[in-house]
Amino acid sequence: MKRSTQVIHAGTERDPYGSVTTPVSRSGTSGFASVDEAGLFASEPDLYGYTRLGNPANAALERRMAALEGAGDCVVTASGIGAISTVMWTFLKPGDHLLADTALHGDTHALFAHALTRFGIEVDGVDFNDVDRVRDALKANTAIVYFGSPCNPTLKVNDIAALSALAHTHHPHVRVVVDNTFATPYLQNPLALGANLVVHSTTKYLGGHGDGVGGCICGTKADVARLRFDGIGHATGAAMAPDTAYLVLRGIATLSVRMERHCDNAAKLARYLAGSPHVARVHYPGLAADPGHAVAVTQMRAPGGMVALELAGSFEQAKAFVNGLKLIRIAVSPGGVESLIEHPASMTHAHARLAPDERPAAGIAPTLVRVSVGIEDVDDLIGDFDQAFRAMGD
Ligand SMILES: *Cc1c(COP(=O)(O)O)cnc(C)c1O
């Protein structure tokens with residue numbers, strides 16, 4: 001099956017009623033034929049003894065995501081952070097080393113730098129575009145190498161094949177974990193490039209309509225079994241609700257048409273911004289001048305629907321500009337049909353998540369704003385930027 005067929009059909013099974021959409025069982029637990037059968041449910045995903053470990057709607061989404069990522073298996077989680085924390089609590093132990101990129105989603109940074117370190121995990125962050133620094137930072141106890149691409153919120157592109165090869169050369173047992181939320185499996189497949197695990201916040205493009213917080217992890221059958229039964233089972237409990245699985249399955253059905261439009265609109269907006277005197281820098285891997293362009297064309301089918309920019313001006317002027325937009329709403333969770341904007345230095349990467357002295361290394365400039373480019377008519381989006389720039393004066 002081709003990708004745009006897979007997003008609609010992969011993982012669906014015929015139920016006794018011939019339902020065309022996935023039925024949702026809200027039952028938290030299922031009855032068994034015998035005590036012996038019941039004894040197996042905590043190790044057999046298809047027995048559906050308890051929804052924290054498995055549910056038919058969740059299983060349908062897991063099959064679809066495994067197919068889209070080319071993975072042996074997938075487990076869905078309560079949120080993207082639930083997916084990332086489940087990976088960490090399953091595969092790390094005190095004394096292990098986690099090596100992560102400095103450009104991270106704000107709460108992911110907080111989990112690594114402020115939470116895991118309290119439990120005897122060594123955490124280092126370096127710029128993963130600097131391969132020599134990554135090589136130097138790998139240690140004998142490195143268990144996980146973690147990064148995204150393109151990164152949230154800076155749109156930095158990391159070379160998944162090169163970084164995976166480097167980590168595995170250092171130690172074949174290192175798990176390379178890639179956050180593929182911004183690219184989606186429609187545009188990029190990290191496992192095919194050498195990564196061991198892929199995490200997603202399904203809250204974003206996969207759900208696509210801003211109405212269900214969720215996540216998932218794709219990897220080998222053996223790793224996913226550990227993530228499900230040890231990780232979610234005993235360590236985090238971060239299980240997805242079946243109603244959310246239904247919403248995400250429905251969202252994924254239109255992923256191909258949505259992503260095509262997100263990409264078209266983002267490319268046009270990025271070109272417009274690159275020509276604006278109010279913009280000091282545009283971060284978009286589709287622009288030939290972007291430092292991530294060369295790698296993006298080798299590992300992504302298209303550069304995606306997110307654009308970041310640094311405004312010419314001060315921190316206060318950047319806030320005033322964002323406040324001046326009328327159609328594009330100020331909101332944090334990207335990847336939906338509607339365009340949204342956020343100012344990381346005062347929103348997602350502010351306060352306790354990222355201390356001011358941690359921000360420069362993470363690429364969080366005072367005037368950086370991130371635009372999640374929706375699927376509206378792009379002329380209306382450019383028109384909104386135009387009026388907000390005019391309101392700033394010259
Ligand atoms: C949103 C996001 C997360 C966290 O996901 P939640 O569903 O909000 O918990 C992690 N990584 C990236 C890249 C994200 O955009």
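What you are looking at is a predicted structure, and each value in this text was computed from that prediction instead of being measured.
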Quiz item: Any sub-3.5 Å donor-acceptor pair from S314's side-chain atoms to Q317's backbone N or O?
Solution: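 The answer is yes, because a donor-acceptor pair under 3.5 Å joins these two groups.
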
Quiz prompt | N/O donor-acceptor pair under 3.5 Å between S27 side chain and S30 backbone | solution =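 Absent.
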
Say you draw a straight line from [atom1] of [X] to [atom2] of [Y]; how long is it, rounded to the nearest 0.5 Å?
| X | Y | atom1 | atom2 | result |
| --- | --- | --- | --- | --- |
| L104 | C151 | CG | SG | 7.5 Å |
| H278 | L311 | NE2 | CG | 9.5 Å |
| H200 | N180 | NE2 | CG | 4.5 Å |
| L47 | L40 | CG | CG | 6.0 Å |

Exercise. Give a yes-or-no answer on whether the side chains of S34 and D36 include a donor-acceptor pair shorter than 3.5 Å.
Key: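 Absent: no donor and acceptor within the cut-off.
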
Any salt bridge linking [X] with [Y]? Criterion: basic side-chain nitrogen under 4.0 Å from a carboxylate oxygen.
| X | Y | value |
| --- | --- | --- |
| E62 | R228 | yes |
| R226 | D223 | no |
| K268 | D379 | no |
| D243 | R26 | yes |
| R261 | D264 | no |

Practice problem: Return the set of residues passing side chain to side chain donor-acceptor pair (under 3.5 Å) with T102 (not counting sequence neighbours), or none when no residue passes. | Solution: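 Here no residue qualifies.
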
Quiz item: Taking it one step at a time, do H349 and H109 satisfy ring pair (Phe, Tyr, Trp, His ring centres under 6.0 Å)?
Solution: CA-CA 9 Å; H349 292 67; H109 174 85; 8.0 Å; no

Quiz item: Of D101, L163, L98, L138, which meets side chain to side chain contact (heavy atoms under 4.5 Å, CB included) against V145?
Solution: L138

Exercise. Verify the neighbour count for atom CZ of F315: are there more than 12 heavy atoms of other residues, nucleotides or ligands below 6.0 Å?
Key: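 More than 12 heavy atoms, drawn from other residues, nucleotides or ligands, come within 6.0 Å of this atom.
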
Exercise. Would you sort out whether N189 and L193 count as a side chain to side chain contact (heavy atoms under 4.5 Å, CB included), showing the intermediate values?
Key: CA-CA 7 Å; N189 294 120; L193 298 165; over 6 Å; no

Exercise. Decide if the gap between the ring center of F385 and the ring center of F321 is smaller than 6.0 angstrom.
Key: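 Between F321 and F385, which both carry aromatic rings, the centre distance is below 6.0 Å.
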
Quiz item: What about the rings of H173 and H168, do their centers lie closer together than 6.0 Å?
Solution: no

Quiz item: Cation-pi between R258 and Y205: NZ/CZ under 6.0 Å from ring centre and within 45° of the ring axis?
Solution: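 The answer is no, since R258 fails at least one limit relative to Y205.
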
